[in-house]
Amino acid sequence: NKSNDYEGLKVLVTAGPTREPIDPVRYISNHSSGKMGYAVAKAALERGACVKLVTGPVNIAPPPGAEVVCVTTAVEMHNEVMKSYGDFDIIVMVAAVADYRCASVAERKIKKSGEKLTLELVKNPDIAAELGKVKGSRILVGFSAETDNLLENAALKLASKNMDMIVANDVTMEGAGFGVDTNIVKLIKRDGSRIDLPVMSKEGVAHRILDEVLSIKNG
Ligand code: C5P
């Protein structure tokens, strides 16, 4: 516990998956549990920050004290974040946002018929990339959950989305990624420096992220 080193700071966190409807009873989503994002929100609160948590559908309780806005789709998360980011000093984008949504959502349940069914998908807004363009002096932190070429992909995302730091997360490793309570990550900063963390609780990872954010902020 780092006492109150986030006192006076406002932190916006996105967490969880998004859910993209196919028809009234079906959706496309991913295995994000929300645990990592919720841990970041909780850690920031413990350190005295004012926290807003924009969360997709998850099965865990939000940390007491956060302003919580529940969203379902990527477009909803995008709209909520874009209307509120202006008030925040630090934005940590932990959500596993669906890259695509259905081009059109069926109004009625799709009936089983032929051997094949094709869904047309269109790209969702990239919230982090959009924020990267307008962030000004705000600190923007993203995650990069990968199964291949972890460091290369993470470094590319850091640069292309204009982030200050990216948390590279190899989701194939035991003790890392979706659903579990621990994570194994590497923190890569804009200056190219890198911190490889051992397997840690998601709370522990959250605090290390916040340590580095503060050191970026304080130069
Ligand atoms: O490109 P990729 O989805 O792997 O980038 C991951 C990072 O970008 C995460 O921080 C995630 O929260 C954010 N992101 C986003 N909006 C999207 C896709 C990803 O904010 N549509």
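Numbering of ligands and ligand atoms starts at 1, following listing order.
Side-chain N or O atoms of T14 include one that pairs as donor or acceptor with a backbone N or O of A95 at under 3.5 Å.
A donor atom on one side chain and an acceptor atom on the other are not found under 3.5 Å apart for D99 and N124.
Contact check on R138 versus D164 returns no salt bridge, with no Lys/Arg side-chain nitrogen under 4.0 Å from an Asp/Glu carboxylate oxygen. D126 and K161 are joined by a salt bridge, as a carboxylate oxygen and a charged side-chain nitrogen come within less than 4.0 angstrom of each other. At a threshold of 4.0 Å, the pair D196-K186 counts as salt-bridged, since one of the basic side-chain nitrogens sits closer than that to a carboxylate oxygen.
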Counting only pairs under 3.5 Å, give me each side-chain donor-acceptor contact of residues 70-77, with atom names and distances, residues two or more places apart or in other chains.
unit_1, atom_1, unit_2, atom_2, d
T73, OG1, E76, N, 3.1
E76, OE1, T72, N, 2.7
E76, OE1, T73, N, 3.4

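Closer than 4.0 angstrom to ligand 1 lie heavy atoms from M93, A95, V97, D99, P125, D126, I127, A128, G142, F143, K157, K161.
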